[in-house]
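Letters A, B, ... are given to chains in the order of the sequence lines, protein chains preceding strands, and every chain is numbered from 1. Note that the structure is predicted; figures quoted are calculated from it, not measured.
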There are 2 protein chains.
Amino acid sequence: MSAEDRRDQVLDAAVAAFAEGGYTGTTTDQVARRAGVSQPYVVRMFGTKQALFLAAHERVMARLGEAFAEVARAGGDQTAHELATAYVQLIKDQDLLRVMQHGFSLGADPDLGPAVRASFLRVVRQIRELTGATVEETRDFLAQGMLINVLVALQLPEHAGDDPDAAALISCVLEKKGF
Amino acid sequence: MSAEDRRDQVLDAAVAAFAEGGYTGTTTDQVARRAGVSQPYVVRMFGTKQALFLAAHERVMARLGEAFAEVARAGGDQTAHELATAYVQLIKDQDLLRVMQHGFSLGADPDLGPAVRASFLRVVRQIRELTGATVEETRDFLAQGMLINVLVALQLPEHAGDDPDAAALISCVLEKKGF
DNA sequence: GTCGCTAGTAATCAGTCGATGCCTTCTCCG
DNA sequence: CGGAGAAGGCATCGACTGATTACTAGCGAC
């Protein structure tokens with residue numbers, strides 16, 4: 001297999017593996033097994049585990065950026081609401097959301113922190129440019145997104161049956177967004 | 001030292017240690033060193049590392065609940081806004097926020113997931129009871145809180161100088177809340 | 001005084017993890 | 001054919017980690 005195809009394959013595996021387990025909770029061997037290659041090969045392909053995580057995280061954030069850009073190309077008139085719907089659709093692949101969420105927890109890491117900050121700000125800037133929203137509107141948009149992140153990361157939708165309050169909150173947050 | 005005092009001391013150390021590093025990224029030895037005791041003692045005191053994290057997480061969420069309850073006792077008339085201010089004041093101790101944030105990423109863990117879900121829902125229920133807010137108002141309140149969590153976890157306030165967009169977002173989110 | 005209980009440590013074990021070095025296999029080009 | 005380079009695995013190392021066991025010092029009761 002060509003190096004580039006293999007790299008993509010390993011990155012897909014890395015996203016899935018890091019989604020459950022996070023950075024420190026995932027081993028390079030788990031990534032390797034998912035990708036069907038050996039653990040040393042994964043390490044050497046990216047140099048270090050840090051670089052592997054950053055590449056996976058970068059891929060996730062890039063995918064989010066592409067999804068938003070596509071909404072803009074479609075060119076509706078309620079861009080903010082359409083972005084929200086696109087976001088909810090995208091994160092039906094919970095792996096994306098989980099890797100992003102784990103990234104948020106790495107802000108204090110001296111090596112990974114700057115990279116995750118940059119990715120986050122890139123998306124924030126993109127949202128503002130696409131919607132032309134005010135800072136306050138951007139804030140509210142982001143806030144809803146972060147709440148969605150937490151609810152899904154907590155697996156509350158899966159456990160909504162256990163708790164009526166949880167069910168009410170979830171349907172309220174995700175209503176009319178096609179979750 | 002009495003067992004209870006020592007336990008409190010270790011729990012404080014655990015909150016600080018887990019705040020940076022998260023669950024998998026923190027060793028029981030790091031907790032022990034912070035508390036000034038030996039690593040085996042920490043493990044035996046709580047049985048397992050999981051139980052130690054749960055106790056630390058529980059303490060953090062309990063502290064949050066107490067802060068909210070105190071606002072209710074003070075008995076203002078703009079409870080929601082006062083809760084928000086109390087929240088921002090409380091999480092000036094960033095360790096609390098970080099442990100909470102790390103907890104959110106553990107929702108998929110079969111052992112820790114149910115506990116962090118329960119703690120989260122307990123706080124949600126408390127907010128609704130204290131403010132008498134509608135589900136939508138509760139959602140918006142929570143959403144702002146989750147955005148604050150992410151911004152602080154990303155250490156964006158510390159790095160606001162690097163990026164004008166970041167600075168605008170932060171001041172917008174935390175304005176009038178005394179951060 | 002010594003017995004028993006509590007707080008706490010030192011030593012150590014068995015497993016795990018990221019990383020490195022060396023070998024093999026395949027393919028393409030001359 | 002032959003060799004050079006790329007793809008990829010195997011063996012292994014050194015450090016780390018959670019947990020267990022055995023031991024010691026202090027202290028109140030009888």
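- Rounded to a whole Å, the CD atom of Gln9(B) is 14 Å from the P atom of dA7(C).
- What separates CG of Asp111(A) from P of dG18(C) is a distance of 16 Å, to the nearest Å.
- Listed pair Arg6(B) / dG8(C) meets the phosphate criterion, a side-chain N or O lying under 4.0 Å from OP1 or OP2.
- For the pair Asn149(A) and Met146(B), the minimum side-chain heavy-atom distance is 4.5 Å or more.
- Relative orientation of the Tyr87(A) and Phe68(A) rings is tilted, given thresholds of 30° and 60° on the angle between their planes.
- You'll find the side chain of Asp29(B) reaches within 4.5 Å of the side chain of Arg33(B), heavy atoms only.
- The interatomic distance linking Arg33(A) (CZ) with dC10(D) (P) rounds to 11 Å, in whole Å.
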Stepwise salt bridge (charged side-chain N to carboxylate O under 4.0 Å, His left out) test for Arg122(A) and Asp163(B)
CA-CA 11 Å; Arg122(A) 210 179 53 218; Asp163(B) 188 305; over 6 Å; no
Heavy atoms under 4.0 Å is the rule here; annotate nucleotides 16-21 of chain D 5' to 3' with B where the base is hit, S where only the sugar-phosphate is, and - elsewhere.
-SBBB-
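- Across the protein-nucleic acid pair, Phe46(A) atom CZ and dG8(D) atom P stand 12 Å apart, rounded to whole Å.
- Note: OH (Tyr41(B)) to C1' (dT24(D)) measures 14 Å, nearest angstrom.
- By the 30° and 60° cut-offs, the orientation of the rings of Phe53(B) relative to Phe18(B) is perpendicular.
- Going from atom CZ of Arg7(B) over to atom P of dG8(C) covers 13 Å, rounded to whole Å.
- Looking at Glu137(B) and Arg128(B), their side chains never come closer than 4.5 Å, going by heavy atoms from C-beta outward.
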